[in-house]
2 protein chains.
Amino acid sequence: MSMKPKTIHDIETPAVLIDIDRVKDNIARARAHADRIGVKLRPHIKTHKLPEFAKLQVEAGAVGITCQKIGEAEVMADAGLTDIFLPYNIIGATKLARLKVLHDRITLSVTVDSADTISGLAGAFTDPAHPLKVLVECDTGGGRCGVQSAEDAVALAKLIAASQGLTFGGLMTFPPTGKPKDAETWLANARSALVGAGLPCETVSSGGTPDMWQKPAEGVITEYRPGTYIYFDRYQVAKDAATPEHCALTVLATVVSHPTPTRAILDSGSKSLSSDTLGMADYGEIVGVPGARVTGLSEEHGIVTLSDGAVLVIGDRVRVLPDHACVVTNLFDEVYLVSGETVVDILPVAARGRLT
Amino acid sequence: MSMKPKTIHDIETPAVLIDIDRVKDNIARARAHADRIGVKLRPHIKTHKLPEFAKLQVEAGAVGITCQKIGEAEVMADAGLTDIFLPYNIIGATKLARLKVLHDRITLSVTVDSADTISGLAGAFTDPAHPLKVLVECDTGGGRCGVQSAEDAVALAKLIAASQGLTFGGLMTFPPTGKPKDAETWLANARSALVGAGLPCETVSSGGTPDMWQKPAEGVITEYRPGTYIYFDRYQVAKDAATPEHCALTVLATVVSHPTPTRAILDSGSKSLSSDTLGMADYGEIVGVPGARVTGLSEEHGIVTLSDGAVLVIGDRVRVLPDHACVVTNLFDEVYLVSGETVVDILPVAARGRLT
């Protein structure tokens, strides 16, 4: 761990700055919105990977948290989080053994989208007195995992219900971005089919920060798994889910070169900003310097194109708003919590790189 | 650190496998090629970030190593590497202080492309008995850092030579990929201008794995800084720098879902394969399964599109050849060295995430 500097001017670059006031504000706004539209919140920790922030989210009314990998859930359980949803197909003997250990420690639920995954879970979890809750993942247009039809959802729910160590918990989807209505319609049909088959659907879980803000109050979804809303980023601003003033994560960088009048170079490349643009033009923009956009990256260099009279000087320390906050978090061992320009704390990114 | 499994079948996924036989073969072939074309090798450690492999490279005749950040050089110096080139503009009091400590421990050289950077170095390094070697970085078409003309190179070389604690070491470039001739011409002109100004040019350093294999024996370049040649990757194969049989790094992954006949899902997403395609179509291909390409990534899921009769089954463990090996290395805390299917060792990626 680094020694805590007093202000952001004392931090070596590149570094991740998290505006703690904005974080708290974003958490509170999401809670108010969730209350307004009548859904439970189960935030995805992928964005921050910090047990400290997972606890803030739970203290602000979240019913639990979402992790994507067992390794992340282990870190969060170690830190005292007690209710974790793993919307992932858990495959293989070693992972099933780790899942069982977790299930004995905390309230755990998972998803499946195939009979193969159910078969593995049913072999590992056999105690009817302490069953594992299993939701069925549905492909509502997101094009990732998930069953392709309501009939397939019912078939898997029946398999789960017939396994003595498993209990059917409902439906889950990774929704198609920008088409929240598609997911609602798909899930409503599947829930009707399940109820018709005598399988009540306790939870209907959806995700995605941008669409949450457009979601109407009525609908089939009972639980939301937003991640990025705690920090927001350039992509979320482009999707109208936030304004630049809501964005809590920036990368502090130094201008190390200025080879031409319109080209400046930062000490932050794809190893700190990541190459993940989520389809956006450019890799980020410099806060407070309109016309300074990060137009190219190599691993340790960020190429800034200057336009509209933007000025940078070698030695300038700037804050970059990246396209995708979640992947930036995963590249740093620690982040600096700041309030204004004061450094409040340094936190190790405890769940960083937990890939298995 | 993980316990060492016996074979790759016992490794939890996702994981990075490094074929140690191919690594040794790639190092030997590069050395033979460098000898043939008469250049010194100073490999870039960014690809492997492992002191153990840096030592292998030096034992195989490399004159030293190249690091991009001071933090990487500190790790390598701690491990016993004694000659390190940092082709980077070092800016700011804290970094200059760290650079001075390094310079007292090992043989160190750096680059500059501005009077500002020279001014900082000249303030920190003042001992004529132990000067810091400084090369001038030239933009020969790569479009990153570097002076824009031979005249500017001469002007900076004069500033370096006039600083009592610095010594002028020559020229360095990050060359335009696919245009090695452009870099040669640019550098030859600049060297002539320097010699004309009474500034002999000891070293002319270029980089980039793909072009090294096309480089003719005659030319101005005295030293090469290839990185990726130790592992190669899908991009290098596309650039004809290697065949698939030379590629030493693969990501071991498990098929966790198979939602449609042509779509399978891996437990490896952008957090293990990275979003860095270097402009390639797709994010990787599955070794030994022609027609299985990674066509989409989210953070923890890899979307495989199956064509030409390719078959994958849930639970299959596959090896993915990624587009860009260097960025994959940076995402893992440890890598598995394998010989065939036997696990030979597990190495911590000691210089991973050393961003400052």
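Nothing here was measured: the structure is a model prediction, and the numbers come from that model. Just the heavy atoms: all of them, side chains too, but no hydrogens, waters or symmetry mates, feed the values below.
Contacts of B:E12 with chain A are made by both backbone and side-chain atoms, with heavy-atom separations under 4.5 Å. If you measure heavy-atom distances from B:T356 to chain A, the contacts under 4.5 Å come from both the backbone and the side chain. Heavy-atom distances place the side chain of A:S270, and not its backbone, under 4.5 Å from chain B. Heavy-atom distances place both the backbone and the side chain of B:L331 under 4.5 Å from chain A. Only the side chain of B:S114 comes within less than 4.5 Å of a heavy atom in chain A; its backbone stays farther off. Neither the backbone nor the side chain of B:V147 has a heavy atom closer than 4.5 Å to any heavy atom of chain A. Only the side chain of B:D139 comes within less than 4.5 Å of a heavy atom in chain A; its backbone stays farther off.
Of the residues considered (B:N89, B:D276, B:L355), B:L355 shows the highest number of contacts with chain A, using heavy-atom pairs under 4.5 Å. With respect to chain A, the highest number of heavy-atom pairs below 4.5 Å among B:I90, B:D152, B:D267 belongs to B:D267. The choice from B:Q148, B:H324, B:H258, B:K271 that makes the most heavy-atom pairs within less than 4.5 Å of chain A is B:K271. When each of B:E300, B:R144, B:Q68 is checked for heavy-atom pairs under 4.5 Å with chain A, B:R144 comes out on top.
B:K4 places a side-chain N or O within donor-acceptor distance of the main-chain N or O of B:V343, the cut-off being under 3.5 Å. A distance-only check finds no donor-acceptor pair linking the side chain of B:T13 to the backbone of B:A253 [under 3.5 Å]. In this structure, the side chain of B:K95 does not engage the main chain of B:G92 through any donor-acceptor pair within 3.5 Å.
A:R317 and A:D10 are not joined by a salt bridge, as no carboxylate oxygen comes within less than 4.0 angstrom of a charged side-chain nitrogen. The pair B:R354-A:D333 does not count as a salt bridge, with every side-chain nitrogen at least 4.0 angstrom from each carboxylate oxygen.
Taking the ring centroids of A:H301 and B:F174, they lie at or beyond the 6.0 Å cut-off.
Side chains of B:T277 and B:D323: no donor on one and acceptor on the other come within 3.5 Å.
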